[in-house]
Student: 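Encoded as structure tokens, here's the structure I'll be asking about.
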Number of protein chains: 2
Amino acid sequence: MDGDGRGPSEVTLEEVARRAGVSPSTVSRILNGTARVRESKRKAVERAIAELDYHPNVMARGLAGGRSMSIGVVTQDISSPFYNETLKGIEDSISVAGYAPLFVSGHWNRAKEAERMALLVARRVDGIIVLTGILDDATLLTYAQRMPIVITGRSLRAPNLYSIQLGNEQAAYEATRHLIELGHSRIAHIGGPEDNVDAQERLAGFRRALAEANLPMEDRLLAVGDFHEASGLLALNQLLDTRLNFTALFVANDQMAYGARLALYRKGIRVPEDVSLIGFDDLPGSLYSTPPLTTVRQPVYDLGKAAGGAMLQLIQGRPVSEVVIPSLPLELIARESTQRRRGQSY
Amino acid sequence: MDGDGRGPSEVTLEEVARRAGVSPSTVSRILNGTARVRESKRKAVERAIAELDYHPNVMARGLAGGRSMSIGVVTQDISSPFYNETLKGIEDSISVAGYAPLFVSGHWNRAKEAERMALLVARRVDGIIVLTGILDDATLLTYAQRMPIVITGRSLRAPNLYSIQLGNEQAAYEATRHLIELGHSRIAHIGGPEDNVDAQERLAGFRRALAEANLPMEDRLLAVGDFHEASGLLALNQLLDTRLNFTALFVANDQMAYGARLALYRKGIRVPEDVSLIGFDDLPGSLYSTPPLTTVRQPVYDLGKAAGGAMLQLIQGRPVSEVVIPSLPLELIARESTQRRRGQSY
DNA sequence: CTGTTAGCGCATTCAA
DNA sequence: TTGAATGCGCTAACAG
């Protein structure tokens, strides 16, 4: 009743050995470059591999060698446009070394995130990359005792762990400066969740720029969202309700900026003529929003590459200090949603 | 020099057995529900598992049982916003059965796609879900001889294969009808790659609606893109160059519609006052574009769920005919980028 | 119902 | 250099 012929059973290393007239261990050595082998045998084995179309069984290899050749990647939301390029960067960097990524998402839920981490451990991944997780530092440190960990958006230090920081605060500062230099003095901000590190840093950068320019920081011009579009729309309406006439708006991420932009459109407020709008992330869609959104570019692909590269180093047992990550600069991308303030200068 | 203490070595099934005072096989049986076990022993084992915080080694299990408990998912572009929800749907549906997805992307390249499929085979995935792949039918059929295959956007029939179709043609027809009913008679179309099945079907639906309404089909009003934003922008400029004054535009996917919308904005052509714009997919961002984009909603999440569910059935050896997939209707979402045609009625 | 015995396919000793 | 032997952790017959 069940499965009929599951097709030709897989070719095994042993068959390759037999065909090449050598022992299984020799084949294994050639496969892994574990030892020098006579050229003639290597050739014979390589031919046998090609003829049989042999592919090593990753699970058997993992069982025997204690490594699964896969590395776990924890995101909050696998379907967030923000993480996509990063995932691609990770995939690109680790796949050249024969590793495959195992993506799981925590859905912004601490318990779920812990559960997904456990799943990765059960699968014996050789390391875990955590993209701005919400697990506490202590838990992460515990994990780092068992396997290499690479984490973004946090600055932890431990033997088996590497953290990659992005200059959120500085970039937010520059974004705000951009607005100030355009002559805006009443600037509103839509921030991310208050317990989110990225959001906190961006808010801090915003505050610093304002303070430095001696501009008042009005709490009522501060709204909070959850990094999704809908919350940006809501937040903007809230801001409008204050009837404090701001002429510029700095939003903590592009998705919320889209929501805010729609709210503005609905009210007939023009961008950038009436209010200048600046986001954060530079999602692929931001170049194509109307008008194209001024924003801060996060080097998301490079971030993924860097994380994958660091993981590979860690797996090889290199100490953290040797792990060299090229600096990942955030960059202000001035497009058409911001412009010089018009009208009376205050 | 290399790895220092990799932490406490993993607890094994054998340790659990010892602790619970039973044999390993009994533990295995309890874990897999393979046979009835005396209640007292079950309890003892469950306690031991909890106390030891035991997690089965997936690789060992896979090696022994011949199943890896993971299923491969092939997409063209893991970073495409279109696939995201689908991936989530797949993850949700298969994870409840203990399976984990292995995502790989073919990057719209036949050779690469074949290579990724090979990687999945090497990892001994228990089945492969192909989201609108570009591999030819014959190759897929060959794969289906070795393992269950679920594929979208194609209608193949084979014992170990299930294909899920979405009504692209019909939906495109309805989208075009929508435009016609609004009084538009000169409608342009930006299609996807000519060798892409989805693109072909959408074009066919477009043509059918036009023919049915006795509207002329002008080839110069047909442009082609690659499903990405930039190509939409280019295509629209091409269309404009014809100086054929169309009043409505049907684009084969939302991403290209974004590009077209920007091109329109650049030329000062208003949406929807001057031209009505309709896309296809209903990406998350389409609700927040300005104006919100009229489009065809693809049930992407449900598609993923259905694909995952079908895969589970196939793995259990159920014949295809028993695989019941709820129908997945495409749906026209009328928003604000389309409106009744103004001016002289032609 | 439950314990014992064999492998699953490969990496890795240990000898030769 | 290379082959033979052993075991990774677990499932699946096979006997009780």
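Order of the sequence lines fixes the chain letters, A, B, ..., with proteins taken first and strands second; residue numbering starts at 1 for each chain. A quick note: this is a predicted structure, and the numbers were derived from the prediction, not measured.
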Student: Does the pair A:Glu91/A:Lys305 count as a salt bridge with the N-to-O cut at 4.0 Å?
Tutor: no

Student: For atom CZ of A:Arg154, decide whether the heavy atoms of other residues, nucleotides or ligands shown that lie under 6.0 angstrom number more than 12.
Tutor: yes

Student: List the atom pairs, donor and acceptor, that lie under 3.5 Å between side-chain atoms in residues 27-45 of chain A and the rest of the protein, sequence neighbours left out.
Tutor:
residue : atom : partner : partner atom : Å
A:Ser28 : OG   : A:Asn32 : ND2          : 3.4
A:Asn32 : ND2  : A:Ser28 : O            : 2.7

Student: Output side-chain donor-acceptor pairs under 3.5 Å for residues 125-134 of chain B, partner residues at least two apart or in another chain, one line each.
Tutor:
residue  : atom : partner : partner atom : Å
B:Asp126 : OD1  : B:Ser68 : N            : 3.0
B:Asp126 : OD2  : B:Ser68 : N            : 3.2
B:Asp126 : OD2  : B:Met69 : N            : 2.7
B:Thr132 : OG1  : B:Tyr83 : OH           : 3.2

Student: Please confirm whether the backbone N or O of A:Leu135 pairs with a side-chain atom of A:Thr139, one donor and one acceptor, at under 3.5 Å?
Tutor: no

Student: Atom pairs, N/O to N/O, protein against nucleotides 4-7 of chain C, distance under 3.5 Å?
Tutor:
residue : atom : partner : partner atom : Å
C:dT4   : O4   : B:Ser25 : OG           : 3.0

Student: Go through the structure and list residues passing salt bridge (charged side-chain N to carboxylate O under 4.0 Å, His left out) with B:Asp92, not counting sequence neighbours.
Tutor: none

Student: Atom CE of B:Met69 to atom P of C:dC8: distance rounded to whole Å?
Tutor: 21 Å

Student: Could you tell me whether the side chain of B:Tyr143 reaches within less than 4.5 Å of the side chain of B:Leu161, counting heavy atoms only?
Tutor: no

Student: Under 4.0 Å from a heavy atom of chain A: give me the 5'-most and 3'-most nucleotides of DNA chain D that qualify.
Tutor: D:dT1 to D:dG9

Student: Which residues satisfy the salt bridge (charged side-chain N to carboxylate O under 4.0 Å, His left out) test with B:Arg110, sequence neighbours excluded?
Tutor: none

Student: Going by side-chain hydrogen bond (donor to acceptor under 3.5 Å, both in side chains), name the pairs with one or both residues in residues 49-59 of chain A, residues two or more places apart or in two chains.
Tutor: A:Arg19-A:Glu51, A:Arg47-A:Glu51, A:Asp53-A:His55

Student: With each end axis built from five pairs of C1' atoms, what bend angle do you get for the helix from C:dC1-D:dG16 to C:dA16-D:dT1? Round to 10°.
Tutor: 40°

Student: I need the A:Glu15 CD to A:Ile49 CD1 distance, nearest 0.5 Å.
Tutor: 12.5 Å

Student: Of all residues at least two apart in sequence or in a different chain, which pass the side-chain contact (heavy atoms from CB on, under 4.5 Å) check with B:Gln165?
Tutor: B:Ser155

Student: Once side-chain contact (heavy atoms from CB on, under 4.5 Å) is applied, do any residues pair with B:Asn196, and if so which ones, sequence neighbours excluded?
Tutor: B:Trp108, B:Pro193, B:Asp198, B:Ala199, B:Phe227

Student: Just how far, in rounded Å, is P of C:dC8 from CZ of B:Arg124?
Tutor: 13 Å

Student: Closest approach of B:Leu314 and B:Ile149, non-hydrogen atoms and distance?
Tutor: CD2-O, 3.7 Å

Student: Looking at residues 46-60 of chain A, who's got a heavy atom less than 4.0 Å off DNA chain D?
Tutor: none

Student: Please report the distance, rounded to the nearest Å, between CZ in B:Arg123 and P in C:dC8.
Tutor: 22 Å

Student: Strictly below 4.0 Å, heavy-atom distances to any atom of DNA chain C: list the hits from residues 33-43 of chain B, or just say none.
Tutor: B:Arg36, B:Val37, B:Arg38, B:Lys41

Student: Can you give me the closest heavy-atom contact between A:Pro101 and A:Ile94, atom names plus distance?
Tutor: N-CD1, 3.7 Å

Student: Quick one, B:Glu115 and B:Asn109 - any side-chain contact, counting heavy atoms below 4.5 Å?
Tutor: no

